[in-house]
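For ligands, and for the atoms within them, numbers begin at 1 and follow the listed sequence.
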Amino acid sequence: MVKNKLAIIGGSGLYDVEKFNDRELLNIETPWGKPSDQILKTKYNNKEVFFLPRHGRGHFISPSKINFRANIDALKQLGVTDIVSVSAVGSLKEDLPPGKFVIVDQFIDRTFARIKTFFDNEIVAHVSMAHPTSNGLMNACEEAIKKSNIDCQRNGTYVVMEGPQFSTLAESNLYRTWKADVIGMTNMPEAKLAREAEIRYASVSMVTDFDCWHPDHENVDVQQVVKVLLGNAEKAKVMIKNLIDNFEDHIDPNDPTNNCLDVAIITAPEKRTQKTIDKLKTIAGRALNK
Ligand SMILES: CSC[C@H]1O[C@H](OP(=O)(O)O)[C@H](O)[C@@H]1O
Ligand SMILES: Nc1ncnc2[nH]cnc12
């Protein structure tokens, strides 16, 4: 049986989980290059967990330059089965003020300058993204957040913009007409690549600002965002502890992510070269070597 292993991908404001013991920093190489930073392997209540800051410690990687493929491949190499992203987002709704957490269940991917698949050479696969987040993992996040007394909305749509500039007023208003809830720059292609790697994914998005549509908040200002972020990050760390404790109770053994490549790879076996099969060993070894 596959052992469930949790990883947290930390976003803006969450670059480490300092208070966990048994800390080991891992340098992982992947066929896609280097991940954003060393990966922290640590323990809480005797449970192993991995942590990777997607912008690097010190926040030196912009959203468009994150090597999402290397990040996902590295976590898969470590045996990670579940990823919870912790992200800063702008709010597109009046009832989602700064400080509120949203367990995102849907995305609108508006990014255009990123590599979005592991299957772009010789071996082609089309995974379903109808439900990009895993229900069991979202249940675990909801329970962990509630236990931490954090104000939270279950479900919501996250618009992923390219950035790094924030939206124009017209764009912000357009996304509001789409009934989207929050906006950020990083959860895609992360969620797509996690799905291709058959890793369950959930996103806990922490509201830092009202973007620019709100009549009382004309601009997004990074200084303001950082102020809210620091408070959010402390709350997120409490949530992460609760999540490590409870996540295994919520794993769905029948989650469609678990073996989604079985019905996704379309390339005829005779067209798959050994070189590409080797490159995809970590991501798709299970499905390719059956
Ligand atoms: C510092 S505000 C903009 C920045 O924050 C979010 O990143 P993350 O999702 O990693 O927390 C947003 O997507 C932008 O990258
Ligand atoms: N308003 C906003 N737009 C995009 N990404 C964000 N991250 C935090 N606030 C944001």
Side-chain angles (χ1 to χ4, degrees), residues 7-17 35-37 51-68 71-72 83-94 96-104 107-114 132-133 156-176 178 180-194 201-214 216-237 239-240:
I8 307 293
I9 299 186
S12 299
L14 190 65
Y15 309 108
D16 199 352
V17 277
S36 296
D37 208 329
F51 178 84
L52 173 62
R54 66 162 70 82
H55 301 282
R57 281 166 294 171
H59 204 128
F60 57 92
I61 309 173
S62 112
S64 310
K65 288 282 167 64
I66 294 170
N67 190 338
F68 291 100
N71 288 353
I72 297 296
I83 291 175
V84 173
S85 154
V86 180
S87 279
V89 291
S91 166
L92 297 169
K93 295 212 166 134
E94 187 79 56
L96 295 176
K100 188 141 179 169
F101 283 28
V102 180
I103 301 167
V104 165
F107 297 102
I108 298 174
D109 184 4
R110 299 248 312 155
T111 64
F112 51 79
R114 305 174 187 195
T133 48
T157 298
Y158 173 137
V159 176
V160 197
M161 61 179 294
E162 186 61 50
Q165 303 84 358
F166 293 115
S167 307
T168 64
L169 180 57
E171 288 163 343
S172 195
N173 280 326
L174 174 68
Y175 305 144
R176 276 169 52 74
W178 294 349
D181 294 272
V182 293
I183 181 160
M185 304 176 190
T186 61
N187 280 195
M188 286 294 185
E190 194 170 85
K192 287 177 174 165
L193 293 166
Y201 186 86
S203 166
V204 173
S205 293
M206 312 179 301
V207 176
T208 52
D209 55 85
F210 272 115
D211 204 39
C212 61
W213 61 269
H214 197 290
D216 302 339
H217 305 266
E218 217 182 308
N219 275 314
V220 194
D221 163 348
V222 168
Q223 300 309 317
Q224 278 304 110
V225 166
V226 168
K227 238 192 229 168
V228 182
L229 269 181
L230 296 177
N232 281 351
E234 284 318 302
K235 292 196 248 175
K237 286 176 194 172
M239 177 209 57
I240 289 168

Protein contact of atom 9 (N) of ligand 2 - nearest heavy atom, named by residue and atom, plus distance: D209 OD2, 2.6 Å
Per-atom contacts of ligand 2 with A88, taking only distances under 4.0 Å to non-hydrogen atoms: 7 (N), 8 (C)
Ligand 1 atoms in contact with G11 (distance to a heavy atom under 4.0 Å): 8 (P), 10 (O), 11 (O)
Under 3.5 Å donor-acceptor, T208 side chain and V89 backbone: yes
D221 side chain vs Q223 backbone, donor-acceptor pair below 3.5 Å: yes
P63 contact mode with ligand 1 (heavy-atom cut-off under 4.0 Å): side chain
Nearest atoms (heavy-atom pairs only) where P98 meets V228: CB-CG1, 4.1 Å
For atom 5 (N) of ligand 2, the protein heavy atom that lies nearest, with its residue and separation: G184 CA, 3.4 Å
From CD1 (I108) to OH (Y158), nearest 0.5 Å: 12.5 Å
F68 vs K192, side-chain contact (heavy atoms from CB on, under 4.5 Å): CA-CA, chis, key distance, verdict: CA-CA 10 Å; F68 291 100; K192 287 177 174 165; over 6 Å; no
Identity and distance of the protein heavy atom lying nearest atom 3 (C) of ligand 1: F166 CE2, 4.1 Å
Candidate pair Q224 and H217, rule side chain to side chain donor-acceptor pair (under 3.5 Å), full reasoning: CA-CA 11 Å; Q224 278 304 110; H217 305 266; over 6 Å; no
Nearest-contact summary for atom 7 (O) of ligand 1 - protein heavy atom, Å: S12 OG, 3.1 Å
Greater than 12 external heavy atoms within 6.0 Å of K227's NZ: no
Donor-acceptor contact below 3.5 Å, side chain D211 vs main chain S167: no
Close N or O approach (G90, ligand 2; < 3.5 Å): yes
Contact atoms of ligand 2, heavy-atom distance to M185 under 4.0 Å: 4 (C), 5 (N)
Side-chain donor/acceptor of D16 to backbone N/O of R57, under 3.5 Å: no
Residue and atom name of the nearest protein heavy atom (relative to atom 14 (C) of ligand 1), distance in Å to one decimal: M185 SD, 3.7 Å
Close approach of V220 to ligand 2, heavy atoms, under 4.0 angstrom: yes
Nearest non-hydrogen protein atom, atom 2 (S) of ligand 1: V225 CG1, 3.8 Å
Under 3.5 Å: N/O of A88 near N/O of ligand 1: yes
Per-atom contacts of ligand 2 with M161, taking only distances under 4.0 Å to non-hydrogen atoms: 4 (C)
Ligand 2 atoms in contact with T208 (distance to a heavy atom under 4.0 Å): 8 (C), 9 (N)
Proximal atoms of ligand 1 relative to R54 (non-hydrogen, under 4.0 Å): 8 (P), 9 (O), 10 (O)
Subset of ligand 1 atoms that lie under 4.0 Å from at least one heavy atom of T186: 7 (O), 8 (P), 9 (O), 10 (O), 13 (O), 15 (O)
Whether K65 side chain and H55 backbone form a donor-acceptor pair below 3.5 Å: no
Close approach of G163 to ligand 1, heavy atoms, under 4.0 angstrom: no
Atoms in ligand 2 with a heavy atom of D211 nearer than 4.0 Å: 1 (N), 2 (C), 3 (N)
Proximal ligand 1 atoms for G184, defined as those under 4.0 Å from one of its heavy atoms: 13 (O)
H55 neighbourhood, listing ligand 1 atoms whose heavy-atom distance to it stays under 4.0 Å: 7 (O), 8 (P), 10 (O), 15 (O)
Identity and separation of the nearest protein heavy atom to atom 6 (C) of ligand 2: I183 O, 3.7 Å
Atom of A88, atom of L229 and distance for their closest heavy-atom approach: CB-CD2, 3.6 Å
Minimal non-hydrogen separation, L96 against V182, with atom names: CD1-CG1, 4.2 Å
Centroid separation H59 to Y15 less than 6.0 Å: yes
Residue, atom name and distance, where the atom is the protein heavy atom closest to atom 3 (N) of ligand 2: F166 CD2, 3.5 Å
salt_bridge(D37, R54) N-O dist < 4.0 Å: no
